[in-house]
Amino acid sequence: MFERQGSGGVVAGAPTDASTLSEWMKILGDLGRPGPQDSGLGDTECVEALRTLEELKAAAAAAQARVSVALDAARRSQRAKAGVRAADQGKGVASEVALARRESPTRGAQHLGLAKTLVTEMPHGLDALSSGLISEWRATLVARETACLSVEHRSHIDQMLFGDPDRLTQVESWGDGRLVAETRKIAYRLDPQAALARVRKAESDRRVTCRPAPDTMAYLSALLPVAQAVACYAALNRAAETARAAGDPRSRGQVMADTMVELLTGQKIAAGTPVEIQLVVTDQTLFANMPNRPADPDRPNQPDPDQPDPDQSDPDQSDPDQSDDADIDAEQADPEEADPDDSSAETDPRDEPAYVPGYGPVRAAWARRLIAELPDATRTWIRRVFTHPITGELVAMDSKRREFPAGIRHALVLRDQTCATPWCDAPIRHADHVLAHTEGGPTSLYNGQGLCEACNYTKQAAGWTARPGTDSAGHHIVDLTTPTGHTYTSTAPSLPGARAPDQAPARAAPRRTRLEVYLTDLVLEYAA
């Protein structure tokens, strides 16, 4: 959960103030709600309101563009007077825009880039946006398709598409596809060499990305030159047709997906692919429904060892060596003894979900099934870390070193999961000192945070400050303050098994102090 504090309002010279904008928000918030004397808007009023609201959204986007450019100009002027070199005068402005709009830094940079293009190079497009005749997305499409052109040529396209009222009426009725096609044709006629240079640059941007999908799936995407992409798809399609013709019961899509995995990994079957996965799970999640699991009085949610087990005729005949060491079952238990399909795993309220870094929460039964179905050649390595029994916060670790040791860095990634900057979900690349090491900030878990590369560099810009802390529930927080004095607070997500402050413990507190134990880094690697 992120909160924003600080002074409100808009930049100096704006035609309205924060109170007026708040009144508009209140009016819009009540629009369409049934009143005391009627049942709301009629069908005609609904259609007219929808159209007007869409135009209002476009006008608001145009206002945001102008305000963003004003913020950038003010920041550059301030830093120029302070003697900051020109290359660094605009550093961090895109992140300020992103935080104000509650979006990621990448999106903030896109918004600021579009704003500069509209205000300085496409004034007719900005007027059309202000009038609600085009949407922010359509303005983005035109700006994107003309990015390779000179300022003069881009201004010429702006005049052709949005400068003539009659032409603007036609453009307003076009779909997104036609708008892109028409813009490309004009751009190619104006500067064919720039269009070809854009194609060459696009080829240099080829890449492969992976992002989460629902239900423990993921999207593996490749941005390729069209000839290569078509060739890859055709090869997978031929493999699917051959397999289906031979009687393979899998669907065409399944065969294509499995064939791609087999070709990329060099395995004979897709299911035999070597895998390295990190799972963050509680003891309860990992060992639930394991029939031979020993009783452990030091682990939460376990049967009381002083009470007889209803599933055993004589509890005194259990192996005494199994209860001597609290770590034995974590280090040596055979995961295949678990029953991953036990229906109790789906309903047990103590069965906390597992967490896969880079993906998110997964069902506990799925995590156990993953472990249980591993090939015989696979070894499972388990590392135990300790967290607070209620808040789920990792126990603090300190170091006198300037750089974060591997253990603390791993704990930062485990705790923050993604970049700690509000609304930025990018993967963690840097272990950062919240309070800079040069200012006396210690190399510790408390004073550390996981950031993406862009956010770490932005935080070092002039006027940016950050301070670590804890909230009322004991969770780690970071207060990030921008040059305007606005403060944004990010809170580290809870690890599996953390209880709410008002939630009673599952069993009576043990006689001695105990920290709840979690398992992490189940690294699955094949034997050589």
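Residue indices begin at 1 and follow the sequence shown.
- Remark: Ser95 OG to Leu112 CG distance equals 10.0 Å, nearest 0.5 Å.
- The two atoms that bring Ser444 and Ile408 nearest to each other are C-CG2, 4.2 Å, heavy atoms only.
- Counting only heavy atoms from C-beta outward, the side chains of Cys455 and Gln449 never approach each other to under 4.5 Å.
- Among the candidates Asn456, Thr443, Thr438, Asn447, the single residue satisfying the side-chain hydrogen bond (donor to acceptor under 3.5 Å, both in side chains) test with His433 is Thr443.
- A donor-acceptor pair under 3.5 Å is formed between the side chain of Ser490 and the backbone N or O of Ala420.
- Test Thr487, Thr458, Thr421 against Leu99 for side chain to side chain contact (heavy atoms under 4.5 Å, CB included) and you get one pass: Thr421.
- Using a distance-only test at 3.5 Å, with no hydrogens or angles considered, no donor-acceptor pair links the side chain of Ser77 to the main chain of Ala73.
- Considering Gln89, Glu96, Lys91 in turn, Glu96 is the only one that fulfils the side chain to side chain contact (heavy atoms under 4.5 Å, CB included) rule with Arg75.
- The shortest heavy-atom contact between Leu223 and Asp205 is CD2-O, 3.9 Å.
- Proximity of Glu136 to Leu114: side-chain heavy atoms (C-beta onward) are separated by under 4.5 Å at one or more points.
- In this structure, Pro483 and Trp464 have side chains that are in contact, with non-hydrogen atoms separated by less than 4.5 Å.
- Atom CE of Met256 is separated from atom SG of Cys232 by 10.5 Å, given to the nearest 0.5 angstrom.
- Residue Ala98 comes nearest to Gly108 through the heavy atom pair CB-CA, 3.7 Å, listed as atom of the first residue, atom of the second, then distance.
- Inter-residue side-chain proximity for Val434 and Tyr446 is flagged as unmet; no heavy-atom pair is nearer than 4.5 Å.
- Scanning both residues, Pro105 and Cys424, for their nearest heavy atoms gives CD-CB, 3.4 Å.
- For the side chain to side chain contact (heavy atoms under 4.5 Å, CB included) test, residues two or more places apart in sequence or in another chain that qualify with Ala431 are Phe404, Arg409, Leu412.
- Counting all heavy atoms, side chain and backbone alike, Thr491 lies closest to His475 at CG2-CB, 3.8 Å.
- The SG atom of Cys419 sits 7.5 Å away from the CD1 atom of Ile428 when rounded to the nearest 0.5 Å.
- Listed by chain and number, the residues in a salt bridge (charged side-chain N to carboxylate O under 4.0 Å, His left out) with Arg144 amount to none (sequence neighbours excluded).
- Side chain of Arg101 to backbone of Arg107: no donor-acceptor contact under 3.5 angstrom is found.
- From Leu71, atom CG reaches atom CZ of Arg76 across 10.5 Å, with rounding to the nearest 0.5 Å.
- To the nearest 0.5 Å, atoms OH (Tyr488) and OG1 (Thr481) are separated by 10.0 Å.
- For Gly90 against Arg79, the heavy-atom pair with the smallest separation is C-NH1, 3.9 Å.
- A donor-acceptor pair shorter than 3.5 Å can be found between the side chains of Thr484 and Thr482.
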Apply side-chain contact (heavy atoms from CB on, under 4.5 Å) to the pair His430 and Tyr457, showing each step before the final yes or no.
-> CA-CA 10 Å; His430 292 177; Tyr457 293 148; 3.8 Å; yes
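- With contacts defined as side-chain heavy-atom distances shorter than 4.5 Å, the pair Pro225/Arg206 qualifies.
- Taking CD from Glu403 and NE2 from His437, the interatomic distance works out to 10.0 Å, rounded to the nearest 0.5 Å.
- Checked by atom type, the side-chain pair His111/Gln64 shows no donor-acceptor distance below 3.5 Å.
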